[in-house]
Amino acid sequence: MHCLDFTEDITLRKLKAPVSQTKEENWPIMKERLRQLIHGALEDAFRAGALTSNEIPEIQIEVPANSEHGDFASNIAMVMARAEKKAPVLIAGLLVEALKGSELFMRVEVAGPGFINFTLTPSCWFEVLEQIHAQGPNYGTSNVGQGRRVQVEFVSANPTGPLHIGHGRGAAIGDAVSQLLAKVGYDVCREYYINDAGNQVVLLGRSILQRARELQGQQVDFPEDGYQGQYIYDIAKAFLNEQKDLTSLSEDEKIKLCIGFGVQYVLNWLTRDLEAFGVHFDNWYSEQSLYDNALVEKELAKLQDLGLTYEKEGALWFRTTDYGDDKDRVLVRSDGSPTYFASDVAYHMVKFERGFETLIDVWGADHHGYVPRMKAVLAGLGHAPEDLEILMIQMVNLLRAGKPVAMGKRSGEFVSLREVIDEVGRDACRFFFLMRRSDSQLDFDLELAKQKSAENPVYYVQYAHARVCSINRNAKELGVHLPENGKCATENLHLDEELAITKLLARYPDTVVGAALNYEPHRIVYYLQELASQFHSYYNRFRVLTDEVNESLGRLYLVNSVRIVLENALNLLGVTAPEQM
RNA sequence: GCGCCAGUAGCUCAGUUGGACAGAGCAGCGGCCUUCUAAGCCGUCGGUCGAGGGUUCGAAUCCUUCCUGGCGCGCCA
């Protein structure tokens, strides 16, 4: 039985990660403590005969959406109702009576159809603030990844022209996913795959050569499918400056020279633009090197040995239909030349051989048709489907004040990533790319991204950080120093708003884990907006620095906890946390 | 024709992996600057979660059929 259901695999967007069981994170630990308490109460109930099923199902603890439902809630009574043949509310009532005693809780109660709601004491929560100050930049770090090696391959744009806006979204997401995974304890390698072999670069070489001839005043016919962009002239000019005499060379040799020059030229360009975007790679992997080192041959031979291929009409085929693809795919053409698929298969096989346990590919959504064959390759080689995760990045619609910006691909005149960065700035650009989940299309409004107003979510969040810094400057002038002793400081926090902010801060590490394991950086964006919103609201209602010294110290401690988390989260997304705006 | 992604408030989108009365921003309307940055805050209006059926204590979320939009179905990359 080879057949796999790929619709399942694709929607299964999870890393194989152990359930979070980290040591000092308040949040998971709190859930675990609750779980044990409930477990104990159930055992007691069985022993006393109050409950009879003698089976304890998985105990789910969740954070209710509505804070009126407490800090945590469990549905255990409803889950057990059937086996117990009792109303959920009855079972819940029984458990509540048993749990009421614990000093952790301010309240334990039955609610709704049979939920048990738990509310912890404030002092329990305020310990989180001490933890934030103690850990600083490391607050939010965890070890769910346990050092497992993950490779994230992203951007990987052909070295034949400038990066466009779509590559930018891929870059922002690939980088953020990498940072998230590193943050939760994976050993992450960021890689750029350079398609420097094959027709695309030959075409680049020919385009450059013809433009060079034009520049020398020769009459030429430009290749019909050549690269039309203006930038080819720039490359040709640079090429002419460097090459003295080509006359002795054959046409093929000339093209070859142009390819080498052009690819290097464009790569320098890509590196520079990505650098300007704050994205760097641990490794640049050349497709051509796969051929130069005979790795394509070697890996194809392995596939043949495994009986995964066959020959038909002079070509070599991969039997991908055995693993859920709708047709078999050609690896080597009838003229003996390998397809792009061949090197891509070899590349992915080599990735595993290099020791990566999980591979993440970030692709443009227009390549989604390619997913089944790539998954098929893995299945054929005995890998689990989730060893390769393919993130589809949907299109970006570039707008200017609500109106679409025209992008004519044919003429080669499209809006480049560089232009957008130059216009709206790196921070806004990154933030916007990460605002939506990657598999939904993104409207990117240049005017909005530039706007310095509340409508612009980037500024909204950054402003919150700058405001705390401003308070710190004022505090310094007043001679008020951030308390060393967090316990004393938090004893001065009494407001509901302060407790609510603290609970939100406590949720940060869990949010990071969730975002990382699901490859969803946008969750961090939403978290940031929520935190900034609560802070702005608090700031407007209450003064931090008042006549009351102890009160000021407590509040200063709190808002600086907010500042630390804002900075950590922004940095995770590659966005700066300004001290002044 | 087949496949993938989406369909939630006027617009752009979230929705903690099946939980409690469906949320936010923008737009609209009405308020707040001699006090730590108004790049901010507060209030108000707004939804048959594309439609039907199913699964169960419980569905925007899972299954199924249909409708609409985007993308993809090369011995191109």
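A note on names: the letters A, B, ... follow the listed sequences, proteins ahead of strands, and every chain is numbered from 1.
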**Message:** Is the base of A20(B) stacked against the aromatic ring of Phe115(A), taking ring centres under 5.5 Å apart and planes under 30° as the test?
**Reply:** yes

**Request:** Describe the nucleic acid contact of Ala81(A) in one word from base, sugar-phosphate, nothing, applying a heavy-atom distance below 4.0 Å.
**Result:** nothing

**Request:** Give the ring-plane orientation class for Trp125(A) versus Phe72(A), where under 30° counts as parallel, over 60° as perpendicular and anything between as tilted.
**Result:** parallel

**Item:** Crowding at CD, Glu297(A) (>12 non-hydrogen neighbours, <6.0 Å)
**Value:** no

**Length of the CD-P vector between Gln534(A) and C42(B), whole Å** = 10 Å

**Asked** Hey, does Phe341(A) reach any base, or is it just sugar-phosphate, or nothing, if we go heavy atoms under 4.0 Å?
**Response** nothing

**Request:** Tell me what His536(A) touches on the nucleic acid: a base, only sugar-phosphate, or nothing, going by heavy atoms under 4.0 Å.
**Result:** sugar-phosphate

**Prompt:** Just checking Asn117(A): base, sugar-phosphate only, or nothing, at a heavy-atom cut-off of under 4.0 Å?
**Reply:** base

**Message:** Under 4.0 Å, heavy atoms only, any strand: does Gln529(A) hit a base, just the sugar-phosphate, or nothing?
**Reply:** nothing

**Asked** Is the aromatic ring of His367(A) within stacking range of A77(B), meaning centres under 5.5 angstrom and planes under 30 degrees?
**Response** yes

**Message:** Applying the Watson-Crick and G-U wobble criteria at under 3.5 Å, what pairs with C41(B)? Answer none if nothing qualifies.
**Reply:** G31(B)

**Prompt:** Over how many whole Å does the gap from Glu287(A) atom CD to A77(B) atom P extend?
**Reply:** 8 Å

**Request:** With heavy atoms under 4.0 Å as the rule, sort Asn75(A) into base, sugar-phosphate or nothing.
**Result:** base

**Request:** Assign the ring pair Tyr310(A) / Trp317(A) to parallel, tilted or perpendicular, where the plane angle (0 to 90°) is split at 30° and 60°.
**Result:** parallel

